[in-house]
Novice: 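The structure follows.
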Amino acid sequence: MSSGAGPQGAPDDARVRAAERFVAQEEGAARRLDGALGAFVTTLLVAMSLFHLYAAASIVPTMTLRPVHVGFMLVLVFLVFPATPRLGERLRWHDVALALAALATVAWILAGGDDFWDRSTLPDTLDLLLGVVFVLLVLEAARRSTGWIMPAVVLLFAAYAFAGPWLPGHWAHRGYDLSSMIGVMYMSLEGIFGTAIDVSATLIIMFTIFGAFLQHSGAGKFFLDFSFALTGGRRSSAGRTVVLSSFLLGGPSGSGVATTVTIGTVAWPMLEKAGYERNAAGGLLAAGGLGAIISPPVLGAAAFLIAEFLKISYLDVLKMAVIPTCLYYLSLFLMVEIDARRYHSAAAGWRLEATAAQLARRFWFHFLSLVAIIGFMLWGFSPLMSVFWATLATFAASFLSRETAMWPRKLVAALADGSKQALNVAATCAAAGIIVGVVGKTGLGLKFSSIVIAYAGGSLLLTAIYTALIVWIVGLAVPVTASYIICAVIAAPALVKLGVPDFAAHMFVFYYAVLSEVSPPTALSPFAAAAITDGDPYRTTLQSWKYTLPAFLLPFAFVLEPAGAGLLLKAPAGTSWWQVAWLVVTATAGIAALAGGAQGWVLLRCLRLERLAMIAAGLLLVYPAPLADTIGLALLASALASQWRRNRAQGAARPPG
């Protein structure tokens, strides 16, 4: 597909390759295999996708689906990802040995049938041996695909399970031996084959297959071209283009760093021309990419886990994300409008070979991908069947244009990429299953909740602050999905204990887990953006915080006041619609105030008192309480009035013409 609507100029190949290394850090640094070995691995990847498409359309028993999913993941991780980057591209004998060992451990499960699961409370010697090997293989797969920190965290939790009798105070428990732990982790649906892998084996891999079909059908390029064409020619069009294309491209993919790199490689020259300095441009690109993880119709992988943990439909999770997502993008749009004034941007002058209307007429069918999944769910299909039929619809729609038609070569590439993109998430979910198993067996979640509440003195505000800090700190070390899983079982119960609805507590944890995407040392999106713009990675990270933080104060409204849950479109009984509407209005005003305060600019550069007033107003307006709203609105009005007077005075002093 070559609509040719994008701006001229692009970062050089070296910068693009540097940025793609950060994608590899999130998705794993895969080997580039060719020849017979490459064909064999591609065949396995395609087989994995076809198996999961079959499983989505028919009934595959849970006790078959989950082990087969993990088996595919383990074998492919050892064949695709090298043990260390310095070992290079060549497949080593030990990679093959590990893949065969993984195959043996899963074959033992499948061959054992119901008898295997029934003896989980009393494993025999061979069960124990293969179970230990299996757990070690899962940890190694997580290390290869996501880095060493996740396995280290898992080992800490495992040590906690064994060391219970020797721990002090609230942390102590009776302790568990190797036999009982292997029984849970390897031979039951409560450990590695628990909730996280269930979601990975159903929704997550189906959505990665769907995303791969979108990309290979040309939808990704169309969304970029359409955004460039739609926003071209305005003073703030450079920033608007980044924000709009991030939503259109990132919403169906759910990948933050990949969205950042895809858009950044095209949009950086345009941002530079609009006056953005390198770090600010990188910060905006990273903030746009972050929106991919919180935007319907896909959100990040953690969103599927929310539905599973809460036993609600995925459509309910999408509904809960609507208002926060709108406020997030409102914040970004306000920021880029302010940027246009700060940088005195001129109207963008890149050459467009097609208008937005022409592109829409020519490739209108790509918009189906944005609405197909939700449309099928509203029609009554389950989320799994919705994404299955949406994938088939994307495939069929690709043949409406000769340029986008998914003939066998593209189809094979899409099926292979769909499974390959799911490998790192599946490895993370398998490793996180060990953590969930330990927390469930030792009661750590309830213990941890009691400790947090005790430190907070029973204060809901302090408990929410401590929970946000815990989630953020955990997120500094592990990916978003793992961060959410860990904190959903150890931190969310503290909020629920203090009366916060469970769905609000989990959404609170989810948003602060997502914040880790732009937090060092694992700030992959800003680091990738800095590689593209040739900026400083840490200054770019600070800039991305400036763009994202106003919206990330909003989750406190979910938990601090019962009516605040109305922002998730699940207001508790007794909450009227006008209360929810007022919350949306005040939250919007708060986000706008924080955007202006973070930028230090509205109509013109803010005085120190104006900036402080807007930041204070934003914090008060996000807090759902009548007195806070009154003071916040008064502060915001006074700051805006001061800006208006100064701007009018400057206009009057400026000579005519």
Side-chain angles (χ1 to χ4, degrees), residues 37 39-56 58-81 83 91-145 178-179 181-194 196-198 200-202 204-205 416 419-420 422-434 437:
L37 182 58
F40 174 70
V41 170
T42 299
T43 301
L44 284 181
L45 289 167
V46 170
M48 183 177 181
S49 288
L50 291 175
F51 169 77
H52 285 90
L53 285 166
Y54 168 77
S58 60
I59 299 175
V60 175
T62 296
M63 293 179 179
T64 300
L65 175 62
R66 297 184 194 180
V68 170
H69 176 71
V70 175
F72 265 121
M73 178 274 292
L74 289 174
V75 170
L76 283 164
V77 163
F78 295 129
L79 295 179
V80 171
F81 301 113
L91 190 69
R92 309 287 173 142
W93 68 267
H94 51 79
D95 299 319
V96 176
L98 291 174
L100 292 174
L103 197 60
T105 57
V106 172
W108 180 251
I109 297 172
L110 298 175
D114 291 341
D115 289 343
F116 175 83
W117 305 100
D118 290 342
R119 62 177 185 266
S120 62
T121 55
L122 200 63
D124 61 30
T125 304
L126 191 54
D127 291 333
L128 284 177
L129 175 62
L130 291 175
V132 170
V133 170
F134 181 75
V135 170
L136 293 175
L137 289 171
V138 166
L139 293 178
E140 171 61 8
R143 186 195 68 78
R144 289 189 180 209
S145 58
L178 182 65
S179 177
M181 292 306 296
I182 292 299
V184 170
M185 300 306 166
Y186 179 54
M187 305 178 70
S188 78
L189 300 181
E190 297 174 9
I192 291 171
F193 298 116
I197 274 297
D198 179 43
S200 175
T202 53
I204 291 176
I205 189 165
S419 287
K420 190 174 182 180
L423 294 179
N424 67 316
V425 179
T428 298
C429 288
I434 299 173

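Bear in mind the structure is a predicted one, so any value in this text is a computation, not a measurement. Positions are given from 1 along the sequence.
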Novice: Should I192 and V135 count as side-chain neighbours, where that means a heavy-atom distance under 4.5 Å?
Specialist: yes

Novice: Side chain of R66, backbone of S200: donor and acceptor closer than 3.5 Å?
Specialist: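 Pair absent, no side-chain N/O of R66 close to backbone of S200.
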
Novice: Locate the shortest heavy-atom distance separating A55 from L65; write the atom from each residue and the value.
Specialist: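 Shortest heavy-atom contact: CB-CD1, 3.9 Å.
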
Novice: So do the side chains of S120 and V184 get within less than 4.5 Å of each other, counting heavy atoms only?
Specialist: no

Novice: What is the distance from atom CH2 of W108 to atom CG of L130, rounded to the nearest 0.5 Å?
Specialist: 6.5 Å

Novice: Considering all heavy atoms of both residues, which atom of G433 and which atom of M185 are nearest to each other, and what is their separation?
Specialist: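 Looking at all heavy atoms of both residues, the shortest contact is O-SD, 4.4 Å.
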
Novice: Please report the closest heavy-atom contact between A101 and L137, naming both atoms and the distance.
Specialist: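 Taking A101 first and L137 second, the nearest heavy atoms are C-CD1, 3.8 Å.
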
Novice: Please find the pair of heavy atoms, one from L110 and one from P67, that lie closest to each other, and give the distance.
Specialist: CD2-CB, 4.2 Å

Novice: Please report the interatomic distance CG(D198) to CG(L189), rounded to the nearest 0.5 Å.
Specialist: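 Reported to 0.5 Å precision, the distance equals 8.5 Å.
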
Novice: Of the non-hydrogen atoms in L91 and V96, which two are nearest, and what is the gap between them?
Specialist: CD2-CG2, 3.8 Å

Novice: F193 vs Y186 aromatic rings, parallel, tilted or perpendicular, using cut-offs 30° and 60°?
Specialist: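 Ring orientation, 0 to 90° scale: tilted.
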
Novice: Side-chain contact, heavy-atom cut-off 4.5 Å: F72 with V106?
Specialist: no

Novice: Considering all heavy atoms of both residues, which atom of F78 and which atom of A102 are nearest to each other, and what is their separation?
Specialist: CE1-CB, 4.3 Å

Novice: In a table with atom names and distances, give each donor-acceptor pair under 3.5 Å that connects a side chain of residues 43-54 to protein atoms at least two apart or in another chain.
Specialist:
{"unit_1": "T43", "atom_1": "OG1", "unit_2": "A39", "atom_2": "O", "d": "2.7"}
{"unit_1": "S49", "atom_1": "OG", "unit_2": "L415", "atom_2": "O", "d": "2.5"}
{"unit_1": "S49", "atom_1": "OG", "unit_2": "S419", "atom_2": "OG", "d": "2.6"}
{"unit_1": "H52", "atom_1": "ND1", "unit_2": "M48", "atom_2": "O", "d": "2.8"}
{"unit_1": "H52", "atom_1": "NE2", "unit_2": "H69", "atom_2": "ND1", "d": "2.9"}

Novice: Salt-bridge test for D114 and R119: reply yes if a basic N is under 4.0 Å from a carboxylate O, no otherwise.
Specialist: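 R119 and D114: not salt-bridged.
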
Novice: At what distance, to the nearest 0.5 angstrom, does CG of L100 lie from CG of L74?
Specialist: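 It comes to 12.5 Å.
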
Novice: Nearest 0.5 Å, please: how far is CZ in R144 from CG in L139?
Specialist: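 Here the interatomic distance stands at 13.0 Å.
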
Novice: If we ignore hydrogens and angles and just use 3.5 Å, is the side chain of T428 paired with the main-chain N or O of N424 as donor and acceptor?
Specialist: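 Side chain of T428 to backbone of N424, a donor-acceptor pair under 3.5 Å: yes, one is there.
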
Novice: Run the side-chain contact (heavy atoms from CB on, under 4.5 Å) test against L128 and tell me which residues pass, sequence neighbours left out.
Specialist: P123, S179, I182

Novice: Check whether any side-chain heavy atom of D127 sits under 4.5 Å from a side-chain heavy atom of F116, and report yes or no.
Specialist: yes

Novice: Does atom CD1 of I59 have more than 12 heavy-atom neighbours, drawn from other residues, nucleotides or ligands, at distances under 6.0 Å?
Specialist: no

Novice: Could you measure the distance from the CD atom of E140 to the NE2 atom of H94? Nearest 0.5 Å is fine.
Specialist: 9.5 Å

Novice: Can you find a heavy atom in the side chain of L423 that is under 4.5 Å from one in the side chain of F81?
Specialist: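 With C-beta onward as the side chain, the pair touches.
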
